[in-house]
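For the numbers below, each heavy atom of this structure counts, side chains included, while hydrogens, waters and symmetry mates do not. None of these values were measured; they are calculated from a predicted model.
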Amino acid sequence: MAAQVVSCRAVVARAALPCSAGRVARKSFIGAPLAQQQQAVRAQRKFAVRAEVPTREGQVDVDELVKDLQTKWDRVENKTSVIVYGAGGIVVLWLAGTIVGALNGIPLLPKAFELVGLGYTAWFTYRYLLFKSSREELVEDIESLKKKISS
């Protein structure tokens with residue numbers, strides 16, 4: 001049951017009374033007269049709209065990206081192996097998603113996986129992220145892995 005809001009002018013038209021004659025000055029929760037508080041709120045609602053030209057930061061130039069990909073594709077010598085590896089990667093991702101979906105349907109197994117993941121996260125944080133010497137060791141391990149992959 002929603003309360004019906006009636007404006008002061010509508011009440012005056014029906015009762016033929018001045019607007020302030022039929023009403024008692026209501027007070028708000030903070031003690032100020034409600035009409036003054038409403039005027040203050042209306043004054044605060046004023047705002048200005050300003051148009052800005054968007055910056056180029058964080059935006060991707062599609063033409064430049066396509067040209068870069070074309071030059072990299074032209075430098076590839078064995079294109080068939082790249083296509084086969086790419087298709088194989090997509091199939092492996094699809095298969096992994098199917099397996100995870102099937103395991104997710106087994107009762108209690110998802111919660112057990114969450115527990116294992118939480119435990120591994122805690123161990124990794126303690127082992128590699130908590131102390132400065134272990135963080136430096138992690139950076140060295142990542143750099144050596146980068147060298148193995150790139151060479």
Side-chain angles (χ1 to χ4, degrees), residues 1-11 23-151:
M1 298 175 77
Q4 184 179 3
V5 178
V6 179
S7 69
C8 183
R9 288 190 179 93
V11 171
R23 267 201 290 180
V24 176
R26 295 183 300 174
K27 300 241 181 201
S28 68
F29 288 116
I30 59 174
L34 191 60
Q36 289 177 354
Q37 187 179 1
Q38 288 172 345
Q39 288 174 354
V41 169
R42 285 187 196 114
Q44 291 174 357
R45 287 185 187 161
K46 295 180 182 176
F47 60 93
V49 177
R50 180 179 61 173
E52 294 184 9
V53 178
T55 60
R56 297 292 293 176
E57 291 181 24
Q59 293 182 352
V60 178
D61 188 16
V62 177
D63 294 331
E64 184 179 326
L65 182 66
V66 169
K67 287 178 185 177
D68 187 37
L69 288 175
Q70 284 177 345
T71 56
K72 287 182 180 181
W73 181 252
D74 291 338
R75 281 190 266 151
V76 173
E77 294 175 10
N78 195 356
K79 293 180 173 62
T80 56
S81 65
V82 172
I83 292 172
V84 168
Y85 283 133
I90 291 172
V91 168
V92 166
L93 284 175
W94 172 78
L95 187 63
T98 304
I99 291 171
V100 168
L103 290 176
N104 197 23
I106 300 173
L108 295 179
L109 202 55
K111 294 297 180 186
F113 283 147
E114 286 180 20
L115 188 61
V116 168
L118 184 63
Y120 182 77
T121 302
W123 172 82
F124 185 85
T125 302
Y126 176 76
R127 173 69 177 91
Y128 289 111
L129 303 178
L130 206 54
F131 305 108
K132 184 177 180 178
S133 61
S134 61
R135 286 193 300 265
E136 292 171 353
E137 181 185 344
L138 178 64
V139 170
E140 290 173 7
D141 289 344
I142 291 172
E143 291 299 326
S144 68
L145 184 62
K146 283 182 186 177
K147 287 179 185 177
K148 286 179 184 178
I149 291 173
S150 64
S151 61

Among all residues two or more places apart in sequence or in another chain, which pass the side chain to side chain contact (heavy atoms under 4.5 Å, CB included) test with Ile106?
Leu103, Leu109
Could you tell me whether Lys79 atom NZ has more than 12 heavy atoms of other residues or ligands within 6.0 Å of it?
yes
Residues passing the side chain to side chain contact (heavy atoms under 4.5 Å, CB included) test with Arg127, sequence neighbours excluded, are Trp123, Ser134, Glu137
Over 12 foreign heavy atoms within 6.0 Å of CG, Leu108
no
List the residues meeting salt bridge (Lys or Arg N to Asp or Glu O under 4.0 Å) with Lys146, not counting sequence neighbours, and say none if there are none.
Glu143
Listed pairs under 3.5 Å, donor-acceptor, residues 81-98 side chains, sequence neighbours left out:
unit_1	atom_1	unit_2	atom_2	d
Ser81	OG	Asn78	O	2.9
Thr98	OG1	Trp94	O	2.9

Under the side chain to side chain contact (heavy atoms under 4.5 Å, CB included) test, which residues partner Phe124, sequence neighbours left out?
Tyr120, Tyr128, Leu129, Leu138
Taking distance alone, no hydrogens or angles, what donor-acceptor pairs closer than 3.5 Å link side-chain atoms of residues 66-77 to residues at least two apart or in another chain?
unit_1	atom_1	unit_2	atom_2	d
Thr71	OG1	Lys67	O	3.3
Thr71	OG1	Asp68	O	2.7

